Trainee: 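One structure coming up, written as structure tokens, with questions to follow.
FYI, side chains are in, hydrogens and waters are out, and symmetry mates aren't considered; it's all heavy atoms of this structure. Computed from a prediction, not measured in an experiment: that's the story for all the values here.
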Amino acid sequence: MKNIQAIGIVGAGQMGRGIAQVAAQSGFDVVLYDAFNNSLEFGFNFIKTQLDKGAEKGKWTSVDAATALGRIKTTLDLGQLKACDLVIEAATERKELKFEIFRKLDEVVKPGAILASNTSSISITEIAAVTKRPELVAGMHFMNPVPVMKLVEGIRGLETSDETFNTVAATAERMGKVFVRAKDYPGFAVNRILMPMINEAVYALFEGVAEVKDIDSAMKLGTNQPMGPLELADFIGLDTCLAIMNVLHEGLGDTKYRPCPLLKQYVAAGRFGRKNGRGFYTYEK
Ligand code: CAA
């Protein structure tokens, strides 16, 4: 197994900053990259606030919080990820963007380092194929909010080596997560099951089976889920839910995965959920 000490993270958004926080708290040196200075600053300040809040609540000491924050370096230069042993990409869920990032990472990151993607649905085999090191590419799918959720879904591309997969599993475990192994088919395991449930909840609303709040209460109180499916869809982002349903629909070719017209309409109208204040619910900005 490879020895991982320095982890590079691409993208300081919701997922990237959460992964950076957990990695730093688990003793890894972290280099957090984003292409935009305002995202990078926002992401870093968010981590600082979360670490301070945790210290106030007594989850860890303020010394621990300062030590973790001190392990995180930020950069606008992808070249600064050169010395990392593992890079976890958590950029926007767009195929062409991820391909471009992996082509660049393959050029700048030292030979032998592992390149992982936090993609929720894009094929790891296809991402790996744009690099010259496909055996060193794997999926590490974290759940939101990363510091709270226990799971990392590991995705093994066609060419991923045993050593790479075992190393990402051990790294996730060192980060206090449970690593579940999935093969590289559309939606992997989590979204193959979760997204059709969310999509069906949108159909239930679309067809007038029940109101938004009642659908969510039914599933929260009736099946012990922490959030109802529509609230969860807003939390994940309706644009992301639609993108994943499209991957399932196209990739598996079965009409049972067709995205609900209401979900498409909400996304077309710019209702993306919690991230921009409006989805099935309205949120204060
Ligand atoms: N970052 C860090 N910590 C957070 C947080 C965040 N963004 N949001 C909440 N927390 C922490 C709080 O600090 C609190 O910690 P303590 O109990 O130690 O004080 C704890 O989580 C509970 O928070 P709250 O009391 O504020 O709120 P809650 O009890 O309603 O829980 C929730 C909030 C954890 C988000 C819960 O509603 C939940 O588990 N929801 C389901 C989340 C889920 O399913 N996520 C997976 C989505 S799928 C995905 O990510 C993958 C994909 O590909 C789409």
Trainee: According to side-chain contact (heavy atoms from CB on, under 4.5 Å), who are the partners of Pro196, at least two apart in sequence or on a separate chain?
Mentor: Leu248, Tyr257
Trainee: Can you name the residues that form a salt bridge (charged side-chain N to carboxylate O under 4.0 Å, His left out) with Asp52, not counting sequence neighbours?
Mentor: Lys48
Trainee: Asp85 side chain to Ala113 main-chain N or O, any donor-acceptor pair under 3.5 Å?
Mentor: no
Trainee: If you look only at pairs with a residue in residues 163-183, which of them pass as a side chain to side chain donor-acceptor pair (under 3.5 Å), with sequence neighbours excluded?
Mentor: Ser161-Thr164
Trainee: Tell me, please, which residues at least two apart from Asp162 pass salt bridge (charged side-chain N to carboxylate O under 4.0 Å, His left out).
Mentor: Arg156
Trainee: Keeping the roles fixed (side chain from Asn144, backbone from Ile236), state whether a donor-acceptor pair exists under 3.5 Å.
Mentor: no
Trainee: Might you point out which heavy atoms bring Val22 and Pro147 nearest each other, and give the distance in Å?
Mentor: CG2-CA, 3.7 Å
Trainee: Not counting sequence neighbours, which residues clear side-chain contact (heavy atoms from CB on, under 4.5 Å) with Ala243? List them please.
Mentor: none
Trainee: Please list, chain by chain and in numerical order, all residues satisfying side-chain contact (heavy atoms from CB on, under 4.5 Å) with Lys53, sequence neighbours excluded.
Mentor: Thr49, Gln50
Trainee: Sorted by first residue and then second, give each salt bridge (charged side-chain N to carboxylate O under 4.0 Å, His left out) pair with at least one member in residues 114-126; sequence neighbours left out.
Mentor: Lys95-Glu126
Trainee: Only counting residues at least two apart or in another chain, list the ones meeting ring-ring contact (aromatic ring centres under 6.0 Å, His included) with Phe165.
Mentor: Phe179
Trainee: Determine, for Phe235 and Arg274, whether the Lys NZ or Arg CZ falls below 6.0 Å from the six-membered ring centre while staying within 45 degrees of the axis.
Mentor: no
Trainee: Please name all residues satisfying side chain to side chain donor-acceptor pair (under 3.5 Å) with Ser217, sequence neighbours left out, ordered by chain then number.
Mentor: none
Trainee: Using a 3.5 Å distance criterion without hydrogens, assess whether the side chain of Asn37 forms a donor-acceptor pair with backbone atoms of Leu76.
Mentor: no
Trainee: Check whether the side chains of Asp184 and Thr125 place a donor and an acceptor atom closer than 3.5 Å, and report yes or no.
Mentor: yes
Trainee: Measure the shortest side-chain to side-chain distance between Cys241 and Asn199 over non-hydrogen atoms and say whether it is less than 4.5 angstrom.
Mentor: no
Trainee: Among Leu194, Val190, Val247, Asn191, which residue meets the side-chain contact (heavy atoms from CB on, under 4.5 Å) test with Ser120?
Mentor: Asn191
Trainee: Show every side chain to side chain donor-acceptor pair (under 3.5 Å) that has at least one partner inside residues 233-242, sequence neighbours left out.
Mentor: Asp234-Tyr283, Asp239-Lys275
Trainee: So, using side chain to side chain donor-acceptor pair (under 3.5 Å) as the criterion, who are the partners of Glu107 when residues are at least two apart?
Mentor: none
Trainee: Under the side chain to side chain donor-acceptor pair (under 3.5 Å) definition, can you give me all pairs with a residue in residues 128-138, not counting sequence neighbours?
Mentor: Asp106-Arg133
Trainee: Report yes if the side chains of Trp60 and Leu51 come closer than 4.5 Å at any heavy-atom pair, otherwise no.
Mentor: yes
Trainee: How long is the span from the CG atom in Asp216 to the CG atom in Leu221, to the nearest 0.5 Å?
Mentor: 10.0 Å
